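Have a look at the structure below before the remarks.
Below, chains carry the letters A, B, ... as their sequence lines are ordered, and counting in each starts from 1. Just so you know, these numbers come straight off a predicted model, no measurement behind them.
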Amino acid sequence: MFDRLFDSALLLSVVRATIPILLAAMGGLICERAGVFQISLEGTMLVGAFTAVSMSYVSGNAYVGVLCGMAAGVATSSLLAVGHVSRKGDPIVIGIAINLLAVGLTGFLLPQFFDLRGVFRDPAIVGLSTYALPGLSRIPVIGSALFQLTLPGYCAFLLVPLIWVLLFRTPVGLRLRGVGENAPAAQTRGVPVTTYQYAAVLISGALAGLAGAQLALGNVVQFSENMSAGRGWIAVVAVLLGQAHPLGVLAAAMLFGLAEGLGFRLQGNGLAVQITDALPWVVTLIALFIARKRFIRLLDLTGRAA
Amino acid sequence: MSSNVSIPDRFHATGGVTRAGHRFSAGLRSPVTVALVLSFGIAAVILLASGANPLTAYSEMWKGATTGAGPRTIIDRAIPIVGMALAISIPLRSGIINLGGEGQMVVGGLAAALTGIHMPGPAALVIIASFLAGTAAGVVWALLPALGQTAIQLPILITSLLLNAPARALTSYLVKYYFGDKTATSTTTVALPPHSRLPKLDWLFGGASATVLLIAVLVIAISLFNNRTAAGYQSFISGINLRFARYGGVHVTRQTVASMAVGGAIAGMVGAHLVLGQSGRFVDGDLAGSGFAWTGLLVCLLAVSRPVPILIAGAFFAALQVGGLAMQRNAGISGQLAQVLQAVVILALAMRVVPAVRRRRRGHAGSSGDLAIADEEPLGALRPDPVESDAGSAAPGIAAR
Amino acid sequence: MTEGAIELELRGITKQYPGVLANDAISMTVRSGEIHAIVGENGAGKSTLMSILFGLVAPDDGEILVRGERVQFKSALDAIASGLGMVHQAFQLFPTMTVADNVVYGHEPRRGWFIDRASSVRQVGDLAKSYGLGIDPSARIEHLRVGALQRVEILKALYRDARVLILDEPTAVLTPQERDGLFEVLRRLRADGRTILFITHKLNEVMAISDRVTVLRRGRVVHEVATSDTSPAELSIAMTGRSVDTSRRRAEHAVGASLLEVSHLRVDDADGIRRVDDVSLTVHEGEIVGVAGVTGSGQAELIEAIMGLRPVTDGTITLQGEDVVHLDLRGRRDAGLAYVPEDRHRVGSAALASTSQNLFMAYQWQRRFQRRGWLNRRAVERHARELIDTYDIKVAGPDQKVAELSGGNLQKVVVARELAHDAPVLIAEQPTRGVDVGASEFIHGQLVAHRDAGRGVLLVSAELWEILALSTTIFVMFDGRLVAQLDPHETDDVEIGLYMTGANEQQRVHT
């Protein structure tokens, strides 16, 4: 049984499922560290995916698509930056509105620009190619899964150590963490809190946009309505579960990737699609249950700490 | 000692003759008005960018919403939107954000469908039982996150949302493998027998579903609850200052569970209505795909959880959607513009596009209690930090003396 | 004592807040290498002065000179750049970071793109060692005790090479042992030529550590003297001014049956620190029991425990003979408690609710306002109007939001609501803090009237004159314990002040 379940194809689908969640979650992590509650990852991802597909179609170059997707992500997240950091609006309401705006806007523009509904698939959309790392990709079982990825894919896994170093080894990271932990204290030490929070939100927008681009040009080569399908929300939970630590968030993202990849595989083995669809969500709930009592800050935020 | 306390000048402005004029101009300057104008402006830019003429688009929307079948379609659509907004308003008023309306609605819909299909007996009884079944299912689905928060401190905000997909999957699974119409190509239950369909009432807006009456009852009941009961008072206070509520003896845990349960019940009823009153069967993906739960959430935010404004805002959003669809049919412009408009209105309000300072300077002691979506700060009451320091303790970061 | 050069000079510093002249032309000089104490009662203007000195608040008038040079602080950063360092009462630290990271934050030693962690740990460790601060630079802040946190704050200032260290009520949170350790550190800093401004109202500490004392009262400098030339009694008189209105307590009333009995109460906080230690007191009919004490001596925890907002570790609370420890807050209110909380904004009111809604809190379940959950709106409105009239609350009407009320009027709303419960025992916590004179007198009159109606009042205040003017019995709380029970006829502010500041201690008091 396990021979048939766990093989390189499974590993590959786990890794592919992990990458978009990981990218978005890394953005959420930076925001969390800067003290900004970022729940608009879902919508930002969707906007990124749409823009990436459109621009790849128009330009015939996948990387133009990726860059435009990231730029669109930055633009989307600037709504949160302006609304919450500058104007002190409620981050939860702003986040929900951004998510719904993203669904509406992409759903509106798809037929307007391309005269079709539902799914946009076209040979003119150039997908992201994968690059095999010489030598490493030949390693049996894991080689083709781990060392034959798209550039955003490598980027996702490279970000984990990079962000770790940034947060815990550089002055910028130390200051960012201070901004999130005690903004007034950071301010009295001469650290520009607003600048840091803006930077964090905009970077999270770029990463969520990149996640969307990977989803629409890497995992598949198409755009379909609401194709982020909750991955941005799962990224939010991954940040909570991983306690905003890069390694913890990586582990959480891989757990959800595993649930999705395994679900995909089990579906192939005849398990009902409904069960496999629900699997990542149920895994998320179970993980939350196991890691409970770590979310006091969030409860404070919603005003209902016990 | 009374001499050194002066009543601020602003209160004199609301007396007598100036009041009507004041109210009118306040309405024009109200954040909601500004946000609406702004969102139509932004949508016009989007329309232009996508190659459509905004004037054509808006006139087609207007025509579609106001002529022909438009008004009746608006009512059909407003029922679930207003219902979901009411469902979400109950916990939101006490400060709880329930993102799980969709799941609560979907399980309610299936429970109602199964009851309506399988229960024998007189029509009225079957319909009532179906609604009750939908209500009960919605309650169960809402209690999961509520108890998760009160018993083990999992935030409702997250868990309620996470339960939406399992609700979709569970209902889909049950329909596909146990209760489905085996002859159909799609995943659906068989059609409800005609007697368990909800009647359309000819005398009601020319044939609207009987659920309109239920909505009316709910609006009245919730208004009465909010304004006339001790529990409604307590839920309002909890929503604006939880510590004050605790200090005043409010049982916050009990309140959290109860308000989630009632919200879930109403969401379940909406699910029941969509099956019994509209589609006549439970089609997998239909309820969740309708987006009513999310539109309802936006309506609730816009109306600051107050039932009568919810009615108005819900009808308005339904009109936007109906107009959008008409525009799509007649002018070939995507009807999803309606969703864009809805989200931008809320976003503009949440981002406080209208500066708070100006609102504060304007006194409006006389206008509270107005039904209209008036000049309060919408969304501002969601999670305020009302502390303004007294003289002497104005230095931030320094403990008061 | 050697007369050093002038390190810091204030000339005519004035700060007006609405209704309060917080600083009234304050002038003072601080010499290099001295420990200079600034003392005064709550509200004397100490905190405002410190905020001005540290660039957090701009003065309306006056100037600051540092080493003879006129400076203007736009923010705390300017003050730090001028060599001032401040240790706040509320620590400004990052809990999940190490001591070293907290100290170097904002001015990290670098190696290329990275923080030179070895260097920062070494620098902070050396600094700590040289002043006997005894702190491990690698320890995480969240694992440290309060006393250690304070030393981290001092390290922060030293790391930025502060020549003048300002400590705001530094001993309020310390155990006696930690306090002695702090004093040792301060002496070392003085020996190193640094100047220390020490803000306190504990006179025993002033005597123990300072070289000079400046006394503030009602925003003015009323006394400046070398510590060796003065006594606690003299300072206490200067602080309080002896202008206490004692007229009210003359109208003595017969003390009746016991209403509230607290016996051997112990309260530990979430960290297991004992906040209330073996407290016993009784409030009788016709009595105002005053609990005096410096803020943070355990009064807040005592009151929260009595109200049911904080778990009791040990001991009993009985109300008119009924044990109420097992009851929740609502049950205790029903059993006969009403409560004016210290923080009227966060706890005592809801800014976005109307005056009527604020006046209604904790009445909502009462019979006369509801039947089976349905409110009698006429009764609610009548209740609001009655209270607004009776207590002379200045509002446009019952529908006005309390966010628009002045501090004094808001406090009247809170006091009116709680008094109108007509509960056998009213707990009033700092009932006139930050309230203008008129409202304050009014509130005092109401408390006395409540007493005269045969009710009991438990009055907690850090204001000595308030305690003296109103109480029929006075307890003094210090460090979680009741250290004295005094008869207002036989004591005065000087004696209370000595107990409050830990200079005197009676035998443990029980009633």
Inset, instruction - Sequence neighbours left out, what passes side chain to side chain donor-acceptor pair (under 3.5 Å) with C/R151? Give chain and number order. - result: none
Legend entry - Pairs involving residues 71-83 of chain C, ordered by first then second residue, that meet side-chain hydrogen bond (donor to acceptor under 3.5 Å, both in side chains) (sequence neighbours left out): none
Legend entry - Positions in residues 77-85 of chain A that reach chain C, provided some heavy atom is under 4.5 Å away: none
Inset, instruction - Nearest 0.5 Å please: distance from the CH2 atom of C/W113 over to the CG atom of A/L166. - result: 11.0 Å
Inset, instruction - Pick one of side chain, backbone, both or neither for C/D116, based on which atoms fall under 4.5 Å of a heavy atom in chain A. - result: neither
Legend entry - Distance (rounded to the nearest 0.5 Å) between C/T96 OG1 and A/N182 CG: 10.5 Å
Inset, instruction - Over all heavy atoms of both residues, which pair between C/D101 and A/R177 is shortest? Give the atoms and the distance, please. - result: OD2-NH2, 4.2 Å
Legend entry - Rounded distance (nearest 0.5 Å) linking atom CZ of A/R169 with atom CD1 of C/I115: 8.5 Å
Inset, instruction - Return the minimal non-hydrogen interatomic distance between A/R175 and C/G106, and the atom names on each side. - result: NH2-O, 3.0 Å
Inset, instruction - Any chance you could lay out the side chain to side chain contact (heavy atoms under 4.5 Å, CB included) test for A/V165 and C/F114, step after step, and finish with the verdict? - result: CA-CA 9 Å; A/V165 168; C/F114 303 105; 3.4 Å; yes
Inset, instruction - Take C/M97 and A/L174 through the test side chain to side chain contact (heavy atoms under 4.5 Å, CB included) and record every step on the way to the result. - result: CA-CA 9 Å; C/M97 297 184 193; A/L174 182 71; 3.6 Å; yes
Inset, instruction - Measure C/I80 against the heavy atoms of chain A and call it side chain, backbone, both or neither at under 4.5 Å. - result: side chain
Legend entry - chain C neighbours within residues 188-206 of chain A, where any heavy atom lies under 4.5 Å away: A/T188, A/R189, A/G190, A/V191
